[in-house]
Structure formats: C-alpha cells, structure tokens
Amino acid sequence: MLSRLARPATTCWSMGSNYSRSQGSRFVLRDTKTWIISKGQTTIAAEVGGRAGAAVAGSTAGTTSRVVGWWMAGCAGMCFGAVVLGGVTRLTESGLSMTDWQLLGRPPPSTAEEWLEEFEKYKLSPEFKYKNFDITMEQFKFIWYMEYGHRMWGRTIGAAFYIPAGIMWARGMFTPAIKKRVAFAGVLLACQGLLGWYMVKSGLDHNNFLGPCDVPRVSQYRLAAHLSSAVVLYSFLFWNAKSILKPALEFDASKITPQLNKFRKLAISSKALAFITLVSGAFVAGLDAGLVYNSFPKFADRWIPEDILAHSPVLRNFTENPTTVQFDHRILGTATLALLTGTAIQAQRLPLPPRIKMAAMAMGAMGWMQVGLGISTLLLYVPVPVAAAHQSGALVTLSLAMWLAHETQFLKLLKKIPK
C-alpha cells in the first residue's frame, strides 16, 4: 500500500515509496491513494526493499478485497463473543442443563408441558442427582437458556462464516492463499462445534462420577481443548483480517539492528506466553481451582502450599490437583506480566514506529489490568461479573499481543542480510 508521507531518513522503517518529497509528488500520492480506497482493494503482500522483501512479497502476493477482511474481522469478533459467553456459561454452571445435541439446533420450549419434559431429561443427569437435586423450575430455565444461548451463538457463527464464504468463493473474491486459509478456518469451526458436545458428554456420563468426592462437571481436559480451539480460530481470523485491512509495517531491511530483531522475538514470546496462561486458566475453571486458597500472594500462610503434590503420580497434579493448577496459573500469570511489561518498556527505548510503541504500551497496560482482575477474582471468591471480566481480559491481552507480533513480523529480515 502507498504511504501518506515519506518517513525521515533517521528512522528504521520505510513505507516503500519512490516518489520525491516535492509538492507535486504529494498530490500524486494523495490522488493515487484516494483511487485505491475507492476501489475497496488492499494487498496482503508487503513490499519490502531488497531481495529479502521481494521474497516475502512473492510468497504472499495477491490482491484481496477489503470486504473479505471485514468479513473475517466480523467472524473473529463473533468468536470473541462466543468465548466470553462460554465463560459465563461455565461460571453460572449452566453447561450441563441441556442433555441432548442437534446439529441445526431447535427452538426452546414454549409450553409448560415442554418445559416439564426438558426438566425430566435434566433429572436423569449426574448434576441433578448429586448436586442440583433441589433446583426449581425457574432456576432450571435460567441455566437452560444460558446453555441454549451459547449453542445458538455458535450456530450463528457457522452461518455467518459458511454462507458468505461460499458466495465469495464462487465469485472469485479469494486468492489461492486466502482459499487455503478460509478452508482451514472452516474445518476448525466445524471441529469446534463437535468438540463442544464432546466436552458436554463428559459431564453427562454417570460412570465419571462414581467416587465419593467426584463433582459432576465436564472434563477439564476437554474444556481446555474446547477453549484452546476457539482461541486458535479467533486468533487465525484476527491475524488474517488485520493482514488484509491494515497490513504490517514495512521496514528498510538495511536498517534493522540486532536490538530490533530481538524485540520481534520478545513480541512473539509475549503472544505465546499469553496463550499458554489463557489455556492454564481453562484448567482452573474446569477444576474450580479458584475456590481454593483465596488469599494472595501467599497460599494461606505458606508461599508453597503443602498439598501441591498430593496426587500420585506427580504429573497428575499439574492437571488434576486444584491446588497445583492454581499455583501454576499464578506463576504463569506473574511471568506473563513481567514479560509484557519488559516488552512495553523496551519498545519505548527503540527507534520504532508509533504504531508499534502504542501496541506495546496497550499490551503492557492490559497485562497489569488482567492481573488485577485475577487477584480480585481470587480474593472475592470468584464472583461471576469479576471472573467473567478476568476471562475476557485474557483474550483481550492475547489480542494486543497478536497486534504487536503482527506489526513486527518483518523485523526478521535481518538474518537474510549479509554482514
């Protein structure tokens, strides 16, 4: 894409314009840019100077309509909403209220008889037998509608993805590269729906709750898989939408320093650690680990809880012991905060574009907010509004880390330049 103005020579990034800085050239740039915007087109390929830039551009060449980008962004936003709604469904313990699954869904009960029939199905579940045996019809309706809303929102995402995808594919609006990405997202979305029911089934099997201390709930492993796949789908759509609507900054390869290259690695590490911490939160939710040791920074009066390795073999503790799961989540959260903060500070010290500095600062600030929400959730014994904000904040933090990593992706060209 053409830039607005040429950058000063002292900066390390270049927007690839070969026009002079004369007044007439600026008018040409403005008119050309206006024409491109009016056509609603953008390019995914970044035009980076030198051989390395040509190689990158050649691998992702092709012009894609901005309509495709906005469609992907809309689907990504809907996936974000599904993750938030799923978190609230889990926090309100509504996920096991519907004991059957249909591909295209069904309308909710509309008569007293239909509600009674639905309630009788729920009475056969382990959750009712061992936990909610005194639930009223009104309480049942609430948790049923929560789960129903989550499922129907997922089906709405499917309609918003597959129908436009088919139309745009038939009209030739996808480049070969975009076709592969759309196909991958479509497969991932289909698997996500099936994985959701696979998760729910684990909480409906009476054989999973035969022990005296077993609590009826879904498998934490399947919950983590369900959340992880949803986040991967969201991240994939987010990344590709941004590549179309606002491509990554282009850099002058000859001016990339080792410090800038290291900063790119920091950005990638921030994204990876934010994702890992988010997934560890799924185990916290799956085991209700937020309800043990509601103190901070110590675990009661100890820095390391005494039952941290209570299960045998030892590896089971990391995914099945609520104390260990909470301990790991705290450590990961602290490590993530340290990395995000260090990355944000480093960004201000380097000769980077304002867009990158802003992304880094937003990511660092969100890291502190997210930790504050996590501590509040713990000390307040997991109230639904605060816990839901904490779960949503995890995805916001990851989104900001992806934004930063996307903006810095072409800093890697340094290793292709001869010394």
Checklist entry - Is the closest side-chain heavy-atom distance between L260 and L350 below 4.5 Å? => result yes
Checklist entry - Name the one of L237, V232, L195 that satisfies side-chain contact (heavy atoms from CB on, under 4.5 Å) with L188? => result V232
Checklist entry - Run the side chain to side chain contact (heavy atoms under 4.5 Å, CB included) check on L223 and R217 step by step: do they pass? => result CA-CA 10 Å; L223 174 62; R217 56 191 174 202; over 6 Å; no
Checklist entry - Is it true that a side-chain atom of W144 and a backbone atom of P108 form a donor plus acceptor pair closer than 3.5 Å? => result no
Checklist entry - Any idea which heavy atoms bring W239 and M402 closest together, and the distance? => result CZ3-O, 3.6 Å
Item to check | Heavy atoms from other residues, nucleotides or ligands near CE of M173 exceed 12 (cutoff 6.0 Å) | outcome: yes
Item to check | N/O donor-acceptor pair under 3.5 Å between D328 side chain and V325 backbone | outcome: no
Checklist entry - Thinking salt bridges, do D288 and R90 make one under a 4.0 Å N-O criterion? => result yes
Checklist entry - What do you reckon, is OH of Y198 surrounded by more than 12 foreign heavy atoms closer than 6.0 Å? => result no
Checklist entry - Which atom pair, heavy atoms only, marks the closest approach of G290 to L378? => result O-CD1, 3.7 Å
Checklist entry - Does atom NZ of K180 have more than 12 heavy-atom neighbours from other groups under 6.0 Å away? => result no
Checklist entry - Say you draw a straight line from OG of S202 to CG of L96; how long is it, rounded to the nearest 0.5 Å? => result 7.5 Å
Next on the checklist: Given 3.5 Å as the limit, does a donor-acceptor pair link the side chain of R155 with the main chain of L103, or not?
Outcome noted: yes
Item to check | Pair T92-I143, side chain to side chain contact (heavy atoms under 4.5 Å, CB included): steps then yes or no | outcome: CA-CA 7 Å; T92 56; I143 63 174; 5.6 Å; no
Next on the checklist: Before we go on, tell me: are the rings of F161 and W71 under 6.0 Å apart, centre to centre?
Outcome noted: yes
Item to check | Under 3.5 Å donor-acceptor, R302 side chain and I304 backbone | outcome: yes
Item to check | Test item: S312 side-chain N/O and V314 main-chain N/O as donor-acceptor pair under 3.5 Å | outcome: no
Checklist entry - How far does CZ of R264 sit from OG1 of T408, to the nearest 0.5 angstrom? => result 7.0 Å
Checklist entry - Could E407 and K242 be called an ion pair, given the rule that one side-chain N must be under 4.0 Å from one carboxylate O? => result yes
Checklist entry - Which residues pass the ring pair (Phe, Tyr, Trp, His ring centres under 6.0 Å) test with Y293, sequence neighbours left out? => result F299
Next on the checklist: Main chain of H311, side chain of R316: is a donor-acceptor contact present, judged purely on distance under 3.5 Å?
Outcome noted: no
Checklist entry - Can you check whether N321 reaches L287 side chain to side chain, under 4.5 Å on heavy atoms? => result no
Checklist entry - How many angstroms lie between CD in Q326 and CD1 in I331, if you round to the nearest 0.5 Å? => result 11.0 Å
Next on the checklist: I'd like to check M358 versus W403 (side-chain heavy atoms, cut-off strictly below 4.5 Å). Are they in contact?
Outcome noted: yes
Next on the checklist: Counting only heavy atoms from other residues, nucleotides and ligands, does the tally under 6.0 Å from CH2 of W70 exceed 12?
Outcome noted: no
Next on the checklist: Quick test of your reading of the model: are K131 and E127 salt-bridged, counting only N-O distances below 4.0 Å?
Outcome noted: no
Item to check | S269 side chain near L339 side chain, heavy-atom distance below 4.5 Å | outcome: yes
Checklist entry - Can you list the steps and then say if T257 with N261 is a side chain to side chain contact (heavy atoms under 4.5 Å, CB included)? => result CA-CA 6 Å; T257 64; N261 195 39; over 6 Å; no
Item to check | Exam field: side chain S295 to backbone A300, donor-acceptor pair closer than 3.5 Å | outcome: yes
Item to check | Pair D307, T323: side-chain N/O donor-acceptor within cut-off below 3.5 Å | outcome: yes
Next on the checklist: Looking only at side-chain N and O atoms, does H329 offer a donor or acceptor that is under 3.5 Å from a partner on T277?
Outcome noted: no
Checklist entry - Of the non-hydrogen atoms in G87 and Q391, which two are nearest, and what is the gap between them? => result CA-OE1, 3.0 Å
Checklist entry - How about Q370 and H390: does a side-chain donor come under 3.5 Å of a side-chain acceptor? => result yes
Checklist entry - Who are the ring pair (Phe, Tyr, Trp, His ring centres under 6.0 Å) partners of F209, not counting sequence neighbours? => result none
Checklist entry - Between Y234 and F80, does the ring centre distance come in under 6.0 Å? => result yes
Next on the checklist: Quick check against the 3.5 Å criterion: does K357 have a side-chain atom that pairs as donor or acceptor with the backbone of A347?
Outcome noted: yes
Next on the checklist: What I'd like to find out is whether the side chain of L91 reaches to under 4.5 Å of the side chain of V382, using heavy atoms alone.
Outcome noted: yes
Checklist entry - Nearest 0.5 Å, what's the NZ-OG1 distance between K271 and T397? => result 15.0 Å
Checklist outcome for this item: Rounding to 0.5 Å, atoms CZ (F128) and NZ (K121) come to a distance of 16.0 Å
Checklist entry - Are the ring centres of F140 and F119 closer than 6.0 Å? => result yes
Item to check | Heavy-atom side-chain proximity of M363 to M366 below 4.5 angstrom | outcome: no
Item to check | Working for salt bridge (Lys or Arg N to Asp or Glu O under 4.0 Å), residues E118 and R106 | outcome: CA-CA 13 Å; E118 200 69 33; R106 57 184 172 89; 2.9 Å; yes
Checklist entry - T89 and S94: side-chain donor and acceptor closer than 3.5 Å? => result no
Next on the checklist: Please give me the minimum heavy-atom distance between F174 and M168, naming the atom from each residue.
Outcome noted: CZ-CB, 3.6 Å
Checklist entry - Has the side chain of H150 got a donor or acceptor atom that lies under 3.5 Å from a matching backbone atom of V88? => result no
Next on the checklist: Using side-chain heavy atoms (C-beta onward) and a distance below 4.5 Å, is V231 in contact with L278?
Outcome noted: yes
Checklist entry - Do you see a donor-acceptor pair shorter than 3.5 Å between the side chains of S270 and T343? => result yes
Next on the checklist: Ignoring hydrogens, what is the shortest heavy-atom contact between V279 and S228? Give both atom names and the distance.
Outcome noted: CG2-OG, 3.4 Å
Checklist entry - Do the side chains of R181 and I178 get nearer than 4.5 Å, heavy atoms only? => result yes
Checklist entry - Who pairs with F318 by ring pair (Phe, Tyr, Trp, His ring centres under 6.0 Å), at least two apart in sequence or on another chain? => result none
Checklist outcome for this item: For D134 and Q139, the nearest pair of non-hydrogen atoms, with its separation, is O-OE1, 4.3 Å
Checklist entry - Do we see a donor-acceptor contact under 3.5 Å between the side chains of N132 and Y122? => result yes
Next on the checklist: I need the M98 CE to W197 CH2 distance, nearest 0.5 Å.
Outcome noted: 8.5 Å
Checklist entry - Counting only N and O atoms by type, is there a donor-acceptor contact under 3.5 Å from the side chain of T324 to the main-chain atoms of I308? => result yes
Item to check | Evaluation steps, side chain to side chain contact (heavy atoms under 4.5 Å, CB included), between V284 and Q220 | outcome: CA-CA 8 Å; V284 174; Q220 70 271 25; over 6 Å; no
Checklist entry - Would you say the ring centroid of W101 lies under 6.0 angstrom from that of Y148? => result no
